[in-house]
S.K.: 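Dropping the structure in here first, questions after.
Residue numbering restarts at 1 for every chain, and letters A, B, ... go by the order of the sequence lines. Fair warning: this is a prediction, and the values are worked out from it, not measured in the lab.
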Amino acid sequence: VISQKRPRSMTSAADNTFRNIIIALASVVLVAVVLYGIILIRGGAPAFMREGLGFIFGLEWNPGTEKFQAFPFIAGSFFTALGALIVAVPLAVAAALFIAEYAPKWLAVPVGYMIEMLAAIPSVVYGLWGIFVLIPVVRGFQVWFVGITGLDWTPTGIGLLSAILVLAVMVIPYICSIARDVIQLVPNDQREAAYALGATKWEVIRYGILPYARAGILGGVILGLGRAIGETLAVTMVIGNSSEIAKNLFSSTATMSSLIASQFGEAGGTQLSALIALGFLLLVFSVIVNLLARIVITKLTPVGTRL
Amino acid sequence: MTSTQSNQITQGKSIVRTVSSARQFQNSFMSGLITFGTVIVLIPLFLIVGQVIVNGVSAMNLDFFVQTERQMSVLTGGGGVLNAIVGTVLMVGIALMIGLLVGIGSGIFLAEFSEHPLVPLVRVMSDVLTGIPAIVVGLVVYGLLVATKLTGYSGIAGGVALGLIMIPIIVRATEEVLKLVPNSIREAGLALGLPRWKVTISIVLPAASSGIITGAILGVSRVSGEAAPLLFTSLGNPDLVWNLLQPMGAMPLSVYNLAFKALTPAQNAQAWAGALVLMLFILGTNILARTLAKQR
């Protein structure tokens with residue numbers, strides 16, 4: 001902002017000190033991610049060395065036989081996150097459209113506010129609600145579902161379906177607020193041009209607004225995916241934390257993060273190392289997801305609507 | 001005149017008729033669907049807030065705030081969460097010091113040294129930090145402070161973990177408000193012969209202080225609900241401790257244990273009371289931050 005070319009004076013020494021302090025503080029942010037990676041690799045190395053690629057692709061996780069293969073939890077993270085996005089994305093986009101395009105201002109502001117409040121509720125409170133309110137409801141649905149379909153899925157309420165529902169509620173506000181921002185940034189020309197062609201309100205949205213906001217919404221969805229995969233305690237409290245890969249939508253299973261939270265207390269030796277190695281996978285994944293979302297938003301958004 | 005008016009009206013009508021009933025139906029159907037979707041999104045908020053209030057109030061009493069988890073009985077409940085309240089306050093305090101120091105420093109770097117070649121990279125890294133799951137930060141601090149026996153399981157380790165989570169929130173808030181401070185103010189300071197560091201610290205930062213405070217409150221609101229990183233760092237403690245080198249309880253940890261690890265209805269009821277305390281604090285600070293932000 002300010003040119004560095006000021007006349008040298010007695011103050012330049014103090015200025016240099018200030019500059020160095022600021023750069024030192026900023027370098028904490030700069031190196032943090034790399035430092036995180038190094039610490040987790042060092043902690044996870046024994047498990048990685050022992051299992052090799054089997055750590056990522058193997059199916060057996062058994063502390064008793066010292067076998068630590070994490071595929072069931074990698075799959076669990078993706079199943080829950082994907083399921084949550086399937087539920088959350090249409091609802092989040094609908095709410096974003098409602099706030100940005102449909103609701104009058106006196107309604108749009110409080111509705112937007114309330115959806116952001118959903119993001120502020122702590123994970124443990126979602127988990128508590130999941131255990132005592134959601135699980136009984138899901139169990140009731142499962143008993144009914146098994147009754148009419150005759151499938152041999154065990155209806156306990158605890159498992160993949162409950163985790164997906166809790167996660168969906170938790171990622172909706174993130175996707176919704178980004179979708180709302182990009183929809184509000186769509187130039188009014190787009191709307192007016194579509195109306196001038198005789199389009200109905202929905203046609204304006206469908207052909208004038210959504211194509212324009214698509215990249216931003218996709219970026220928001222990718223960030224939501226990151227949130228869903230990293231989310232820990234709410235999932236831990238409702239998913240059952242079994243070490244087996246999910247066989248169906250009602251199965252008890254675990255995600256990478258829920259396994260870390262539920263087994264860390266009793267873990268030592270190689271098991272501890274394997275949990276830290278899972279943490280490293282989570283770190284790598286969250287970094288990739290974040291960079292990807294940034295690239296999608298900046299590269300694919302039409303010029304003039306950049307966030 | 002009347003004839004042209006009626007002419008326009010008939011033309012208007014004929015335009016309306018060209019919108020086929022199928023398109024009109026689709027239009028109304030989508031409006032309905034979008035409104036319905038929004039209602040579905042809001043239902044969990046009302047359910048969760050309502051149930052936490054109803055169940056929480058009925059399980060709450062004075063003891064809940066002045067006794068510790070050590071005094072809780074598995075069968076009858078009793079006791080309280082004073083240990084957790086104190087732990088949360090101490091650890092969030094440490095987090096706030098770390099978050100403000102590094103966060104404001106990095107924010108100044110991004111906004112005031114914007115010609116520096118590392119600025120884009122620091123900005124990207126700060127964004128990446130925002131997306132790193134809290135549980136990963138917990139594992140990192142475990143590896144850094146706990147496993148190495150530098151602090152062991154302790155309030156300091158918990159505070160550092162929460163501080164690392166808070167940093168990117170404060171970086172972003174600081175950078176945004178510093179950029180809103182008009183350049184003429186900086187130039188006026190420099191024209192008076194002030195050194196650059198003094199311009200930043202005594203002119204630019206005070207002008208941006210309300211925005212930084214808002215960011216700090218949001219950061220506090222965010223980290224006080226985090227339990228995942230504390231599982232491996234502060235560990236939890238049923239006794240009231242003030243020593244930062246000892247394992248320490250925290251509100252979200254208590255809610256987690258009382259809801260998930262405990263087995264009796266008496267303890268589960270206390271989990272709701274804990275959730276109410278936590279939620280009131282977090283929603284309260286969140287709303288406070290937003291109100292402050294709006295006043296600017």
S.K.: Which region of B:F46, side chain (C-beta onward) or backbone (N, CA, C, O), has a non-hydrogen atom less than 4.5 Å from a non-hydrogen atom of chain A, or is it both or neither?
M.R.: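 Interface part for B:F46: side chain.
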
S.K.: Among B:V136, B:L139, B:L231, exactly one meets side chain to side chain contact (heavy atoms under 4.5 Å, CB included) together with A:I260. Which residue is that?
M.R.: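 Answer after filtering B:V136, B:L139, B:L231: B:L139.
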
S.K.: Hey, mind stepping through A:I99 and B:T38 against side chain to side chain contact (heavy atoms under 4.5 Å, CB included) and telling me if it holds?
M.R.: CA-CA 9 Å; A:I99 294 168; B:T38 311; 5.6 Å; no

S.K.: Given side chain to side chain contact (heavy atoms under 4.5 Å, CB included), test B:T200 with A:F18 step by step and report yes or no.
M.R.: CA-CA 10 Å; B:T200 305; A:F18 178 67; 3.8 Å; yes

S.K.: Below 4.5 Å from any heavy atom of chain A, which atoms of B:L45 appear? Answer side chain, backbone, both or neither.
M.R.: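 When you check distances to chain A, atoms from both the backbone and side chain of B:L45 fall under 4.5 Å.
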
S.K.: Using only atom types and a distance under 3.5 Å, with no angle test, would you say the side chain of B:N286 pairs donor to acceptor with the backbone of A:A120?
M.R.: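 No: the side chain of B:N286 does not pair with the backbone of A:A120.
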
S.K.: Could you tell me which portion of B:F281 (side chain, backbone, both or neither) has an atom closer than 4.5 angstrom to a non-hydrogen atom of chain A?
M.R.: neither

S.K.: Would a distance-only check, ignoring hydrogens and angles, find a side-chain to backbone donor-acceptor pair under 3.5 Å from B:N27 to A:W202?
M.R.: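 Checked: pair present.
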
S.K.: Tell me, for B:L278 versus chain A, whether the close heavy atoms (under 4.5 Å) come from the side chain, the backbone, both or neither.
M.R.: side chain

S.K.: Going by heavy atoms in the side chains, are A:I23 and B:H116 under 4.5 Å from each other?
M.R.: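 They are in contact (side-chain heavy atoms under 4.5 Å apart), so the answer is yes.
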
S.K.: For a 4.5 angstrom cut-off between non-hydrogen side-chain atoms, does B:W197 reach A:I22?
M.R.: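 No, every pair of side-chain atoms sits at 4.5 Å or beyond.
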
S.K.: Heavy-atom distance under 4.5 Å between the side chains of A:L291 and B:V124, does that happen here?
M.R.: yes

S.K.: Measuring heavy-atom distances to chain A, does B:I167 have an atom under 4.5 Å in its side chain, in its backbone, in both, or in neither?
M.R.: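 Side chain only.
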
S.K.: Which residues in residues 166-175 of chain A have a heavy atom less than 4.5 Å from any heavy atom of chain B?
M.R.: A:V169, A:I172

S.K.: Can you see which heavy atom on A:L128 is nearest to which on B:A275, and at what distance?
M.R.: CD2-CB, 3.5 Å

S.K.: May I have the list of side-chain donor-acceptor pairs in residues 225-238 of chain A shorter than 3.5 Å, sequence neighbours left out?
M.R.:
residue: A:E231; atom: OE2; partner: A:S123; partner atom: OG; Å: 2.5
residue: A:T232; atom: OG1; partner: A:G230; partner atom: O; Å: 3.0
residue: A:T236; atom: OG1; partner: A:T232; partner atom: O; Å: 2.8

S.K.: Counting only heavy atoms closer than 4.5 Å, note whether B:I287 contacts chain A via side chain, backbone, both or neither.
M.R.: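 Both parts, heavy atoms under 4.5 Å.
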
S.K.: Check each atom of B:T130 against the heavy atoms of chain A and say whether the ones under 4.5 Å are side chain, backbone, both or neither.
M.R.: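 For B:T130, the contact with chain A is made by backbone and side chain together.
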
S.K.: Quick check on B:L101 against chain A: is it the side chain, the backbone, both or neither that has a heavy atom closer than 4.5 Å?
M.R.: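 It is both, since atoms from each part get that close.
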
